[in-house]
Amino acid sequence: MNEITYYNPVQIISGRDCVINYPSFSSFGRRGLIVCGRNSARLSGALDDLRTAFDKAGIAYAIFDRVEENPSVETCQAGGAEARDYRADFIIGIGGGSPLDAAKAIAVYAANPDLDGAEIFNLDFKNPPLPIYAIGTTAGTGSEVTQYSILTVRSIENKKSLATPLIFPKIAFMDPNYTNTLPHRTTIASAVDALCHGIEGYFSKRANPITEALAEKAIKIMGCGLKDLVSGALDSDLREKLLYGSTIAGVVIAGTGTGFVHAMGYPLTYFDGLAHGEANSYFISDFVEYMSLARPDKERKIYSLMGLSGLQEFKDLIDRAIPKDLTLTREKVIKYTKISAPAAGIRNSVFELREDDIFYLYKQYSR
Ligand code: NAP
Ligand code: FE
């Protein structure tokens, strides 16, 4: 049994209307920068609730609503400059993983005007980030409870993870109503992402009894939830389960990190434009199969938690959830293998892939 190392300082406040009813916004500061994407904060109703609550608490705010999917270093640096110009004393992100990850990086850039672009990954910034708060609108990434900010870095043609306990949000607000407007396809993609977090965390070398217990819970909720989603059921109860399941899965990866599914999925997002959860779906079945070589007991446990008979049913479920229509050229297979092979996630699991395994896994999608 692994020794227990565990730290997660995020306060979780959940439930319908939890933002509008939160009594202590004035403790956040006097001027806030709200960070969000172009539509979701408004569509979900979260921005309206937050504005009402800030007005009531006498908090001034500006809105930075230019966060794109898979946010870039450049966007976050621009957000940091805007926070400084506005003299914000805290940052609050509203959205899925993209705006929440951006909010974290913006908080770092805001406090460190000298920090240029990808220097942020060196983690030697002089000043601590501004305090970060998070309001979730997808049921997937768990970014609201993690110390990670995944940014698109053009110079390396890939996505890269900024990881430091300094960027844990102080509070995560989770209101299931905000996920009602999430399109069906994004609901499925983000549910697959959260299921991957549970499974990759379960097989992590850093797993311990606390993260394992949470991973089993997350796999059960997200696995059964995905089965319901695939069979066409989607009501507010299911949305609530998926939201809380994804947050539990986020707590798991905060403790364990992710594995080769994420590492190998990033190039499919960067070069082929696949949504993050869709990219993960290309490798999660292979991940379970490879990991079963080291931990067949955990493999069996996953099927029993999800109510499946074995690997074939697992594969069928993932394929039904996200039909795979991407074909890779041989050049891409070689390129993506080179990009993924050095990633930390490749070495984070109980069974380590070699470079030719990675090549083979990409190659199965080539013409
Ligand atoms: P997302 O990229 O934040 O959002 C996907 C799309 O859904 C966007 O068009 C967004 O609109 C829309 N949307 C979000 N919430 C909505 C709502 N309630 N109603 C209607 N539309 C909504 O998706 P995501 O899957 O949550 O995040 C993916 C990002 O998170 C990736 O960059 C990934 O690498 C990262 N990630 C981070 C962690 C971590 O621990 N930090 C873990 C895994 C993944 P807008 O553009 O208007 O917002
Ligand atoms: Fe993810």
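Ligands are counted one by one from 1 in listed order, and the atoms in each one are counted from 1 as well. Every heavy atom of this structure was used, including side-chain atoms; hydrogens, water molecules and symmetry mates were not. Residue numbers start at 1 and run along the sequence shown.
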Which residue owns the protein heavy atom closest to [atom], what's the atom, and how far is it?
atom	result
atom 15 (N) of ligand 1	T137 OG1, 2.8 Å
atom 41 (N) of ligand 1	D101 OD1, 2.7 Å
atom 1 (P) of ligand 1	S98 OG, 3.5 Å
atom 20 (C) of ligand 1	T181 O, 3.3 Å
atom 34 (O) of ligand 1	K159 NZ, 2.8 Å
atom 22 (C) of ligand 1	S40 CB, 3.4 Å
atom 9 (O) of ligand 1	E69 OE2, 3.0 Å
atom 7 (O) of ligand 1	T186 CG2, 3.7 Å

Between [Y] and [X], is the closest basic N to carboxylate O distance under 4.0 Å?
X	Y	value
R51	D48	no
K126	D114	yes
E157	K335	yes

Shortest non-hydrogen separation from [X] to [Y] and the atoms involved:
X	Y	value
V230	L317	CG2-CD1, 4.1 Å
C196	N280	SG-CB, 3.7 Å
Y109	A118	OH-N, 4.5 Å
A57	F25	CB-CB, 4.1 Å
P129	I167	CG-CG2, 4.2 Å
V192	A321	CG2-CB, 4.4 Å

Inset, instruction - Answer with yes or no whether P99 contacts ligand 1, where contact means a heavy atom under 4.0 Å from a ligand atom. - result: yes
Which ligand 1 atoms, with their elements, are less than 4.0 angstrom from a heavy-atom of [X]?
X	result
S44	18 (N)
D193	43 (C), 44 (C)
G96	3 (O), 26 (O)
Y148	40 (O), 41 (N)

Legend entry - Among V145, L43, T146, closest by any non-hydrogen atom to atom 40 (O) of ligand 1: T146
Inset, instruction - Using heavy-atom distances, let me know which of V192, T138, T141 sits nearest atom 38 (C) of ligand 1. - result: T141
Using a 3.5 Å cut-off on N or O atoms only, is [X] in polar contact with ligand 1?
X	answer
N39	yes
G97	yes
H197	no

Legend entry - ligand 1-proximal atoms of R38, by part, heavy-atom distance under 4.0 Å: backbone
Inset, instruction - Record the part of N180 in heavy-atom contact with ligand 1 below 4.0 Å; permitted values are side chain, backbone, both and neither. - result: neither
Inset, instruction - Examine the side chains of D272 and Y336 and answer whether a donor and an acceptor come within less than 3.5 Å of each other. - result: yes
Here's one to test your reading of the geometry: is the NZ or CZ of [X] within 45 degrees of the ring axis of [Y] and under 6.0 Å from its centre?
X	Y	answer
K332	F271	no
K324	Y282	yes
K298	Y202	yes
R295	F351	no

Legend entry - CZ (R330) with more than 12 external heavy atoms under 6.0 Å: no
Legend entry - Main-chain N/O of I20 paired to D49 side chain as donor or acceptor, under 3.5 Å: no
Legend entry - Cut-off under 2.8 Å, centre the Fe ion (ligand 2), protein N/O/S atoms: D193 OD1, H197 NE2, H262 NE2, H276 NE2
